[in-house]
J.: 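Take a look at the following structure, please.
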Amino acid sequence: MTGGTVGAVATRGVVLREVRWPDLAALAALEATVFPHDAWSEASWWAELAGRPRRDYVLAERDGEVVGYAGLDHGGDVADVMTVAAAPA
């Protein structure tokens, strides 16, 4: 994702796209639902996005609602999964 324009990818009504600054409130809300005891706050999400280009995050949305997300920290030859979440069914 880093270094280029990322288009949205849709499958079965779910759109995957790069996380943008206006998404932070929705990400923090889903985070609190999925990880109630140690959820990242909006401020934590802000710090993660500020870590780009080393960090990349995508979200999944259906009908305009955030239903999941994932993030990577990639530096050098190693990449670490920072977080993965999906909204409860």
J.: Determine all donor-acceptor pairs shorter than 3.5 Å in which one atom belongs to a side chain in residues 81-89; sequence neighbours excluded.
T.:
none

J.: Give me the atom names and distance for the closest heavy-atom approach of Gly13 to Arg62.
T.: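 What the structure gives for the nearest pair is O-CG, 3.5 Å.
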J.: Dump the intermediate steps for side chain to side chain contact (heavy atoms under 4.5 Å, CB included) on Asp73 and Arg54, then the final yes or no.
T.: CA-CA 6 Å; Asp73 175 33; Arg54 182 180 163 133; 2.6 Å; yes
J.: Identify all side-chain donor-acceptor contacts of residues 63-72 below 3.5 Å with residues at least two apart in sequence or on another chain.
T.:
residue: Tyr69; atom: OH; partner: Glu31; partner atom: OE1; Å: 2.1

J.: Tell me which pairs pass ring-ring contact (aromatic ring centres under 6.0 Å, His included) where either residue lies in residues 19-38, with sequence neighbours left out.
T.: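 Sorted result for residues 19-38: Trp21-Trp46.
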J.: Write out all pairs satisfying salt bridge (Lys or Arg N to Asp or Glu O under 4.0 Å) with one or both partners inside residues 74-89, taking only residues at least two apart or from two chains.
T.: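 Every pair satisfying salt bridge (Lys or Arg N to Asp or Glu O under 4.0 Å) with a residue in residues 74-89: there are none.
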J.: What is the distance from atom CG of Asp23 to atom CG of Leu59, rounded to the nearest 0.5 Å?
T.: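 Those atoms lie 5.0 Å apart.
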J.: Taking side chain to side chain donor-acceptor pair (under 3.5 Å) as the definition, give me every residue that meets it alongside Ser41, ordered by chain and number, with sequence neighbours left out.
T.: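 Expected list: Ser44.
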J.: Taking only residues two or more places apart in sequence, or in another chain, which ones meet Glu61 in a side chain to side chain donor-acceptor pair (under 3.5 Å)?
T.: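 With neighbours one apart ignored, the set is Arg17.
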